A.B. asks: 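Below is the structure I would like to discuss, written out as structure tokens.
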Amino acid sequence: MVTLYDVARLAGVSTATVSRVVHGQDRVREATRIRVQQAIEELGYVPDGAAQSLSRRRKDVIGLVCVERPAQQYDIENMNLLFYDEVLRGVEARIRDHEWSLLITFLQGANDPGFPRLESFTGKADGILIGEGIVPSPFIQRLAARVPVVIFAGTPDEKAADVVTADNLSGSAAVVTHLIRDHGRRRLFWVHGPADSPDSRERRLGLDHVLRANPQCQLAGFYQGYYSVQSGEEAGEALLAMPRDSFPDAVVSANDQMAIGVLKALARAGVRVPQDVAVVGFDDIFPGSLCDPPLTTVHQPMRMLGERACARLLDRIANPALPPAVELLPTELVLRSSCGCPPRTVIRRPVPTLDLPRPDPAAAALLTLPPGRKPARRRARQAAKA
């Protein structure tokens, strides 16, 4: 194994000079720097990362905590693969020039018994990015006392750490407003994501905001999904089991994968989209553009989410005294034909941020239906038993 001493011996300099060259310091003559670099190349010397970390009191490592959602299909439509792949690319683009490394771990949702291992994770990184805001706030405080922490795709109400997230509420309100104002839809069916997903809760808040502003419209029902195509198909089957006199004329899904599943279920049953029922999603994943009809959705800047969250974390590592901040990334309305727009429509519209008072976080986590109406999943099961 080639050492610093071997390089110094070949270059005819001291080990301190080699160290200064390796760390890019200025106090070395150019001719000496070139001679040391030639020796490093000739010997194939690789600096000891652990030793460098000790000397700088820094590891040059970012930790990334992802969420693994349950899914029975293993294809490109899997939410985990699509979302975290884009976020990962954004993080990597930000740290590449810094020559930092990335350490990744996965959690199994909000009830993962492995939360305590995140404390040991803090000893291996200079800062941690945590996805989807599923780690409880008190535990975030404990982690943030050890290393800088930034939450991406988390709730804007988080007080224990920085948050970078898409403007989910405004994006959801924009697509629902389009359904009501431009296509005359009045009876909406909501497909919710996982109960522990801040993104899904924010998108539901956008739907509720528009419904309150349009009393002629109503929430006809909802289904609790888990961000997969399969759960979207189950939502479609639950919708099809509803009485015809209460059948919705539009489906609003918390993400594109579930909207794709709804389209598949409706197509099997011979229900026409958008003539009988309009369907819209959220995220703007590529498979949505290949659906029949192509899916109207809201674009979430997933790669930028990773870039901005990582940039904030690097800032906080450099200056731990920064006050916690929330950054909302703008979304974009993507109009295709599943909502009722003409075939071959592809229109992108920036979504302005709605200036609304934040609801109480506990109340925002509650999903409510019109009085006397049961969740579609329960009604479907009752109908099957009958």
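For clarity, every value in this text was computed on a predicted model and none was experimentally measured. Reckoned from all heavy atoms, side chains included, excluding hydrogens, waters and symmetry mates.
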A.B. asks: Let me check something: do V251 and V334 share a hydrophobic cluster, defined by ILVMFWY side-chain heavy atoms less than 4.5 Å apart, either directly or through other members?
C.D. replies: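 Different hydrophobic clusters.
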A.B. asks: Taking the side chain as every heavy atom from C-beta outward, state whether F189 and Y223 have any pair of such atoms under 4.5 Å apart.
C.D. replies: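 F189 vs Y223: side chains touch.
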A.B. asks: Counting C-beta onward and ignoring hydrogens, is there a side-chain heavy-atom pair between V164 and L305 closer than 4.5 Å?
C.D. replies: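 V164 vs L305: side chains touch.
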A.B. asks: Measure the spacing between NE2 of H98 and CD1 of I62 and express it to the nearest 0.5 Å.
C.D. replies: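 The distance works out to 9.0 Å.
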A.B. asks: Closest approach of D162 and A325, non-hydrogen atoms and distance?
C.D. replies: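 Nearest pair, atom of D162 first, then A325: OD1-N, 2.8 Å.
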A.B. asks: Has Q275 got more than 12 heavy atoms of other residues, nucleotides or ligands less than 6.0 Å from its CD?
C.D. replies: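 Buried by this count: over 12 neighbours within 6.0 Å.
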A.B. asks: May I ask whether V87 and L328 are part of the same hydrophobic cluster, defined by side-chain heavy atoms of I, L, V, M, F, W, Y residues being less than 4.5 angstrom apart, directly or through others?
C.D. replies: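 As far as the 4.5 Å side-chain criterion goes, L328 and V87 are not connected within one cluster.
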A.B. asks: Give a yes or no on whether the backbone of G193 and the side-chain of Q224 come within a donor-acceptor separation of less than 3.5 Å.
C.D. replies: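 Checked: pair present.
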A.B. asks: If you group Ile, Leu, Val, Met, Phe, Trp and Tyr by side-chain heavy-atom gaps below 4.5 Å, do F106 and L129 land in one group?
C.D. replies: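 They do share one cluster, since a chain of ILVMFWY contacts under 4.5 Å joins F106 to L129.
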A.B. asks: Would you check if L329 and P301 make a side-chain contact, meaning some heavy-atom pair closer than 4.5 Å?
C.D. replies: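 Sidechains of P301 and L329: in contact.
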A.B. asks: With distance as the sole test, does R187 use its side chain to make a donor-acceptor pair with the main-chain N or O of S246 at under 3.5 Å?
C.D. replies: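 Between the backbone of S246 and the side chain of R187 there is a qualifying donor-acceptor contact (under 3.5 Å).
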A.B. asks: What closest approach, in Å, do G63 and A125 show between heavy atoms, and which atom pair accounts for it?
C.D. replies: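 In this case the closest contact between G63 and A125 is N-CB, 3.6 Å.
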A.B. asks: Is there a side-chain contact between Y5 and V7 (heavy atoms, below 4.5 Å)?
C.D. replies: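 Counting from C-beta outward, Y5 and V7 never come under 4.5 Å.
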A.B. asks: Can you check whether G288's main-chain N or O pairs, donor with acceptor, with D256's side chain at less than 3.5 Å?
C.D. replies: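 Pair absent, no side-chain N/O of D256 close to backbone of G288.
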A.B. asks: How far apart are the closest heavy atoms of I128 and F121, and which atoms are they?
C.D. replies: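 That closest heavy-atom pairing would be CD1-CD2, 3.7 Å.
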A.B. asks: Is a side-chain donor or acceptor of N168 paired with a backbone partner of A166 at a separation under 3.5 angstrom?
C.D. replies: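 Yes, N168 side chain to A166 backbone: donor-acceptor pair under 3.5 Å.
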A.B. asks: Measure the CZ-OG1 distance between R146 and T122 for me, rounded to the nearest 0.5 Å.
C.D. replies: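 Here the rounded value is 4.5 Å.
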A.B. asks: Do you know the tightest heavy-atom contact between E234 and Y226?
C.D. replies: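 Shortest heavy-atom contact: OE2-OH, 4.1 Å.
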A.B. asks: Roughly how far, to the nearest 0.5 Å, is CG of D199 from CG of D283?
C.D. replies: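 The CG atom of D283 sits 7.5 Å away from the CG atom of D199.
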A.B. asks: Which value, rounded to the nearest 0.5 Å, describes the distance between R33 atom CZ and R29 atom CZ?
C.D. replies: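 These two atoms lie 12.0 Å from each other.
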A.B. asks: Look only at the side chain of D249 and the backbone of R185, and say whether a donor-acceptor pair between them is shorter than 3.5 Å.
C.D. replies: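 A pair under 3.5 Å: no.
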A.B. asks: Is it the case that the side chains of E158 and S137 hold a donor-acceptor pair, with the cut-off being a distance below 3.5 Å and no angle test?
C.D. replies: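 Yes, E158 and S137 have a side-chain donor paired with an acceptor closer than 3.5 Å.
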A.B. asks: Against R203, only a single residue in N255, V298, V175 fulfils side chain to side chain contact (heavy atoms under 4.5 Å, CB included); can you say which?
C.D. replies: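 It is N255, the one option of N255, V298, V175 that forms the side chain to side chain contact (heavy atoms under 4.5 Å, CB included) with R203.
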A.B. asks: Test side-chain contact (heavy atoms from CB on, under 4.5 Å) on T331 and H299 and set out the steps.
C.D. replies: CA-CA 6 Å; T331 57; H299 176 76; 6.0 Å; no
A.B. asks: Less than 4.5 Å apart, side chain to side chain, heavy atoms only: is that true for L356 and H209?
C.D. replies: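 L356 reaches H209 side chain to side chain.
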A.B. asks: Check the hydrophobic clustering (I, L, V, M, F, W, Y; side-chain heavy atoms under 4.5 Å; chains of links allowed) and say if V67 and L103 are grouped together.
C.D. replies: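 Yes.
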A.B. asks: Between S253 (side chain only) and A259 (backbone N and O only), is there a donor and an acceptor less than 3.5 Å apart?
C.D. replies: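 Yes, the answer is positive, given that a donor and an acceptor are paired below the 3.5 Å cut-off.
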A.B. asks: Decide yes or no on side-chain contact (heavy atoms from CB on, under 4.5 Å) for T17 and T15, but give the supporting numbers first.
C.D. replies: CA-CA 5 Å; T17 299; T15 54; over 6 Å; no
A.B. asks: Let me know which of I285, D284, L263 forms a side chain to side chain contact (heavy atoms under 4.5 Å, CB included) with L295.
C.D. replies: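 Passing option: L263.
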A.B. asks: Is V21 reachable from I34 through a run of I, L, V, M, F, W or Y residues, each pair having side-chain heavy atoms under 4.5 Å apart?
C.D. replies: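 No, I34 does not connect to V21 through the hydrophobic network.
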A.B. asks: Can any side-chain N or O of S170 pair as donor or acceptor with the backbone N or O of L354 at less than 3.5 Å?
C.D. replies: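 Side chain of S170 to backbone of L354, a donor-acceptor pair under 3.5 Å: yes, one is there.
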A.B. asks: Closer than 3.5 angstrom, by distance alone: can the side chain of T345 be matched with the main-chain N or O of P342 as a donor-acceptor pair?
C.D. replies: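 Yes, the answer is positive, given that a donor and an acceptor are paired below the 3.5 Å cut-off.
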A.B. asks: Please lay out, stage by stage, how L88 and L102 fare under the test side-chain contact (heavy atoms from CB on, under 4.5 Å).
C.D. replies: CA-CA 9 Å; L88 183 60; L102 191 61; 3.0 Å; yes
A.B. asks: What I'd like to find out is whether the side chain of H183 reaches to under 4.5 Å of the side chain of H178, using heavy atoms alone.
C.D. replies: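 In short, these two side chains touch, coming nearer than 4.5 Å.
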A.B. asks: Using a strict threshold of under 4.0 Å (side-chain N to carboxylate O), is an ion pair present between E237 and R268?
C.D. replies: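 A salt bridge links R268 with E237.
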A.B. asks: Closer than 3.5 angstrom, by distance alone: can the side chain of Q300 be matched with the main-chain N or O of M302 as a donor-acceptor pair?
C.D. replies: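 Here the side-chain-to-backbone pair does not exist.
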A.B. asks: Provide the closest heavy-atom pair for A160 versus I140 in the form atom of the first, atom of the second, distance.
C.D. replies: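 Heavy atoms of A160 and I140 come nearest at CB-CG2, 3.7 Å.
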A.B. asks: Please walk me through it: do L314 and R94 pass side-chain contact (heavy atoms from CB on, under 4.5 Å)?
C.D. replies: CA-CA 9 Å; L314 291 173; R94 180 59 63 172; 3.9 Å; yes
A.B. asks: Tell me if the CD atom of E99 is crowded by more than 12 foreign heavy atoms within 6.0 Å.
C.D. replies: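 Result for CD/E99: open.
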A.B. asks: Working to the nearest 0.5 angstrom, can you tell me the gap between I317 CD1 and N319 CG?
C.D. replies: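 Interatomic distance, I317 CD1 to N319 CG, rounded to 0.5 Å: 11.5 Å.
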A.B. asks: Does R204 form a salt bridge (charged side-chain N to carboxylate O under 4.0 Å, His left out) with D208? I'd like the steps, not just the answer.
C.D. replies: CA-CA 6 Å; R204 172 62 190 271; D208 290 344; 2.9 Å; yes
A.B. asks: Decide yes or no for Q257 and Q230: does some side-chain heavy atom of the first lie under 4.5 Å from some side-chain heavy atom of the second?
C.D. replies: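 When only atoms from C-beta onward are counted, Q230 and Q257 do not touch, as no gap falls below 4.5 Å.
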A.B. asks: Indicate yes or no for a side-chain donor-acceptor contact from T296 to the backbone of R336 under 3.5 Å, with no hydrogens or angles considered.
C.D. replies: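 Indeed, once roles are kept as given, a pair shorter than 3.5 Å links the two residues.
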A.B. asks: Do NZ/NE/NH1/NH2 and the carboxylate oxygens of R312 and D315 come within less than 4.0 Å?
C.D. replies: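 So R312 does not pair with D315 through a salt bridge.
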A.B. asks: Just so I know, are the side chains of P274 and C339 near enough to count as touching, which here means a heavy-atom distance under 4.5 Å?
C.D. replies: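 Sidechains of C339 and P274: no contact.
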A.B. asks: Is it the case that atom CZ in R27 sees more than 12 heavy atoms from other parts of the structure closer than 6.0 Å?
C.D. replies: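 Counting other residues, nucleotides and ligands, CZ of R27 stays at 12 neighbours or fewer.
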A.B. asks: What are the two closest heavy atoms between I260 and C291, and how far apart are they?
C.D. replies: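 So the two residues come closest at CG1-SG, 3.7 Å.
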A.B. asks: For the atom pair CZ (F282) and OH (Y227), what is the distance rounded to the nearest 0.5 Å?
C.D. replies: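 F282 CZ to Y227 OH: 9.0 Å, rounded to 0.5 Å.
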